[in-house]
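Below is one structure, written out as structure tokens; comments come after it.
Throughout, protein chains are lettered first and strands after them, A, B, ... in sequence-line order, and every chain is numbered starting at 1.
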Amino acid sequence: MTSLSLHAPPLWRQVLPYAALLGLALLIYFVFPDQLPMAARIAALAIFVMSLDLVVGYGGLATLGHSAMYGVGAYAAGLLATHLTGNPLLGLLAGACAGAVLALLSGLFLLRYEGLTFLMLTIAISQIAQNLASKLRQWTGGDDGLSGFTIQKILGLASFDLQGRVAFVYCFAVMFICLWLMRRLMASPFGLACVGIHQNRQRMAALGTRIRWQLLKLYTIAGAFAGISGALAAQVAQIVGLDSLGFELSAEALVMLVLGGAGNLWGALVGTVVFASIHHWASTLNPYHWLFIIGGMLVTMVLVPRERWGQALSRRLQLFRRAAAPSGASS
Amino acid sequence: MTLLANILIDGIAYGMVLFIISVGLSITLGLMRFVNLAHGAFAMTGGYLAAWLVGAQGWPFGWGLLAAVVLTGLLGAVLEALVLRRLYRRSELEQVLFTIGLTFLFVATANLLAGPEVQLIPLPAWLKTPVDLGIRTLPAQRLLVIAAGLAVLALSALVLGRSRFGIWLRATVDNTGAAAALGIPVKWVYAATFGVGAALAGLGGILGAELMPLEPYYPIKYLVLVLVVVAVGGMGSITGSAVAALALGTIETASKYLASDWGSLFFFLSMALFLAWRPQGLLVARRA
Amino acid sequence: MGMKMNWLGAALAVVGMAGAAQAQSVKVGIIAPFSGPFAHYGALMKAGAEAYVASQGGKLAGQNIEFVWRDEGGPNPANTRTLAQELVVKDKVDYIGGIVFSPNASAVAPVIQESKTPMVIFNAATSDITTKSDYYIRTSYTLWQVTVPAAQHAAKKGYKRVVTAVSDYAPGIDAETAFKAEFSKLGGQVTESIRMPVRTTDFAPFAQRIKASGAQAVYVFLPGGPPNLGFVKAYQENGLRQAGIEFLGTAETDEFDLQKFGDSALGLTTLFHYSGARDSAANKAFVAAVNKQNKEAIINYATVGAWDGMHVIHKMIEATGGKRDGDKAMAAAKTLKWESPRGPVSIDPVTRHITQNVYLRVVEKGQGGLLINKEVQTFPAQVDHGLTK
């Protein structure tokens with residue numbers, strides 16, 4: 001019989017994944033310094049996929065237009081650096097605000113709808129944003145991208161170097177903080193309410209939750225994080241292209257999310273690392289054949305669902321736990 | 001006045017291509033509630049087969065077209081019966097992911113077999129001759145597209161309304177359980193419908209090859225367009241798809257004539273407005 | 001004991017050889033599209049680059065050449081920058097070559113500037129790219145370079161009203177600006193400037209707009225591949241020539257797609273810097289070398305851009321003795337002058353762009369009934385008019 005514990009897991013269990021992540025970062029920094037530029041990009045992208053997890057995994061809203069918030073965040077950071085100041089932290093703030101504002105405004109419209117309609121409308125929003133960015137070439141650089149801006153030293157300490165060391169530390173630190181923030185948020189009553197809405201809207205409505213309002217808050221917060229991700233990527237690459245608002249980005253992020261497992265944020269991180277690494281490695285071999293790999297992976301993953309072996313695994317773990325602690329297990 | 005005529009003629013031609021490609025997806029979405037994002041791959045397959053048969057193998061255009069369409073339909077039916085059928089009960093997200101993976105496989109295979117270049121379908125001379133409509137000249141091929149679209153519309157209405165298969169199909173859409181209980185071969189209806197949808201997509205791919213060039217990334221590039229038409233038109237509604245395709249096709253063409261530097265903005269704006277006005281689609285098929 | 005010494009000696013010899021071989025290998029990173037709708041560029045650049053090395057006997061200036069290929073994909077500046085950064089930091093390349101899309105080319109500027117890595121652009125055609133870093137050299141073309149002669153030709157033919165139709169991105173806008181500037185200077189008038197979104201596949205509306213403009217000719221620029229193909233077909237199918245609107249293009253009759261147009265392409269006029277059918281000894285040798293390397297490779301401006309690009313890298317290796325010295329290499333490159341398959345060329349020391357002839361070509365039937373771009377007039381030694389006014 002499963003016991004539903006109302007206590008949070010022990011502290012060491014909570015800290016362990018973060019410590020492991022930190023350890024991984026140290027490993028990459030010292031042992032694989034050649035990979036630092038790639039790792040920095042993956043870290044920035046991971047924030048985006050995690051923000052998508054908030055909407056898709058926790059909130060249950062399938063969206064293919066999340067790149068809109070990423071893109072406006074990227075352009076906001078780029079424009080700030082071009083016209084006002086190259087301060088990186090202000091750039092992140094600008095990105096967060098831009099993403100949040102777009103999410104809020106579009107969410108007011110989008111959240112009236114559900115299912116396929118909602119999905120299509122999210123695509124519409126990001127395509128409109130992309131076409132608008134292309135039209136406003138004098139601001140965004142159009143198809144050529146927004147470039148030529150410089151980013152000042154991070155906290156007045158270090159500017160971006162060719163090796164990618166500073167970029168990696170910067171991106172990793174921001175990602176780490178965002179991950180922690182998002183986990184805390186989703187473990188709070190607000191986060192639980194969102195999960196509740198995902199599981200059963202009528203039940204939550206019956207409990208008095210204002211569904212659309214909660215979802216709007218979630219969507220806005222996710223938009224802010226997506227904007228941070230875009231801003232980060234823009235600062236590290238020092239160029240923003242129209243592809244940051246594209247459909248392909250939204251679709252790839254969704255694939256990364258599902259690859260790693262939606263609903264707990266760690267899956268988003270894992271999925272991003274796995275997908276981006278395989279993509280990079282496979283493209284160096286043969287760019288077209290990489291589609292065979294990813295297509296095959298997706299197809300197999302669905303045909304042999306994670307739930308089946310995920311359940312088998314967790315059942316085995318439970319047996320193990322029960323065997324290790326025979327007293328007080330059943331209540 | 002010429003401008004309006006131009007917009008209408010080109011818009012209707014473009015819309016008809018979109019309709020022919022999308023109608024199969026609309027039906028399978030409405031019937032099996034199965035989100036098949038690989039639908040564009042069928043359009044590409046039809047086009048590639050036709051390009052190979054007519055171009056490389058030297059078949060006459062008409063026979064090549066027919067063979068390509070039939071083969072694509074068969075591919076669709078076989079795929080449905082063997083693989084896709086297992087996914088009907090899965091969540092939408094899983095169907096989306098599976099069919100995206102399938103699309104990637106199609107893209108990579110197309111590149112492997114035919115290379116990354118655009119595939120051209122050689123048209124017979126009678127299709128290439130410009131036809132003078134008085135207001136402007138139009139390649140005959142565009143008129144064929146419009147005629148084909150109308151034919152598909154008419155035939156589907158006829159088949160759905162009058163034929164036994166149509167009755168079976170409508171019954172299965174309304175209530176699969178009851179239909180099966182009544183002895184309708186539901187599984188066969190599924191396979192056949194899917195096959196016909198795939199065949200129509202193939203036809204659209206062939207006829208639209210001038211407007212939407214056939215290259216390996218075709219299914220990914222035009223996925224959004226097809227989804228838009230289906231969503232706006234209403235899942236399961238053939239007339240809905242036709243209306244949506246023509247409306248959106250004309251809007252897109254108009255924006256090319258009048259405001260080309262805005263790109264496809266008006267297309268997506270209109271799509272958003274249509275969906276906001278009618279979230280279930282312009283003409284929704286009845287579903288119990 | 002003898003055996004042991006032999007074994008040790010052999011081991012040392014092998015290590016020594018490996019060390020020596022490594023020291024003698026010059027690494028060249030090439031970033032080009034190998035996937036997506038423009039993947040043919042990558043294949044052609046690879047053919048051109050490898051053919052050049054093979055034609056020099058497999059080594060350049062006595063050094064082994066190791067190519068590192070990276071996929072540019074489509075216009076994706078952030079990704080290209082990462083690729084360049086990796087090439088420099090991880091793969092430690094001595095030179096970078098390639099790049100088809102202008103935004104991608106501009107994105108690598110900070111990387112090559114800081115690492116002092118000479119970058120030879122094989123295709124990207126927007127004028128201002130080379131101003132963004134001191135380490136760019138370009139062996140392709142720029143729109144200003146080929147458009148100024150086009151405007152001069154239009155004026156000479158007596159056209160008074162011309163409409164421009166370009167793809168809406170930096171090179172296209174360069175083409176439009178260049179044509180307007182030069183043509184107005186010569187007394188002509190550009191009646192309408194049509195910009196076509198890069199993603200366009202159906203060019204019929206634009207063909208109709210051109211028809212309705214009442215101009216005598218249309219000056220065109222689109223990126224190679226599907227857009228070129230689509231536009232020329234639209235020009236043919238909508239009866240623009242019959243309506244009296246002459247075609248004045250740049251790369252639209254690119255050898256890659258030329259045969260697909262059929263006989264209706266005969267007579268199309270373009271102004272460009274290279275024709276595969278050029279009747280010169282250097283070109284014939286080039287064609288033979290590429291076909292030896294890769295029988296299916298098409299000979300076009302991308303192939304020759306890579307070939308000449310490798311020539312520049314060859315000379316840079318020669319000047320630095322195979323060692324990594326960006327400044328010395330650039331100094332040597334700026335003085336280069338040679339006979340390319342496309343004609344006599346040199347590198348402009350100020351703009352670091354290739355100065356070359358631009359040819360007026362007409363599509364004709366050549367040997368074996370294949371369509372060719374026949375050079376009928378030469379505009380000698382054109383510089384990048386966008387940077388050198």
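Between Pro33(A) and Val89(C) there is no side-chain heavy-atom pair separated by less than 4.5 Å. You'll find the side chain of Asn76(C) stays beyond 4.5 Å of the side chain of Glu248(A), heavy atoms only. For the pair Gln85(C) and Met38(A), the minimum side-chain heavy-atom distance is 4.5 Å or more.
In this structure, CG on Asp168(C) lies 8.5 Å from NZ on Lys135(A), to the nearest 0.5 angstrom. Between the NZ atom of Lys90(C) and the CD atom of Gln35(A) there is a distance of 5.0 Å, given to the nearest 0.5 Å. Considering CZ of Arg195(C) and CZ of Arg137(A), their distance stands at 6.0 Å, rounded to 0.5 Å. Between the CG atom in Asn79(C) and the CD1 atom in Ile239(A) there is a gap of 11.5 Å [rounded to 0.5 Å]. Considering NE2 of His279(A) and CG of Asp71(C), their distance stands at 7.5 Å, rounded to 0.5 Å.
Side-chain atoms of Arg81(C) come within 3.5 Å of backbone N or O of Val236(A) as a donor-acceptor pair.
The neighbour count for Gln138(A) CD, taken as heavy atoms of other residues, nucleotides or ligands under 6.0 Å away, is above 12.
Contact of Ser115(C) with chain A is made through backbone and side chain together, with heavy-atom distances under 4.5 Å. Heavy atoms closer than 4.5 Å to chain C are found nowhere in Leu36(A), neither backbone nor side chain.
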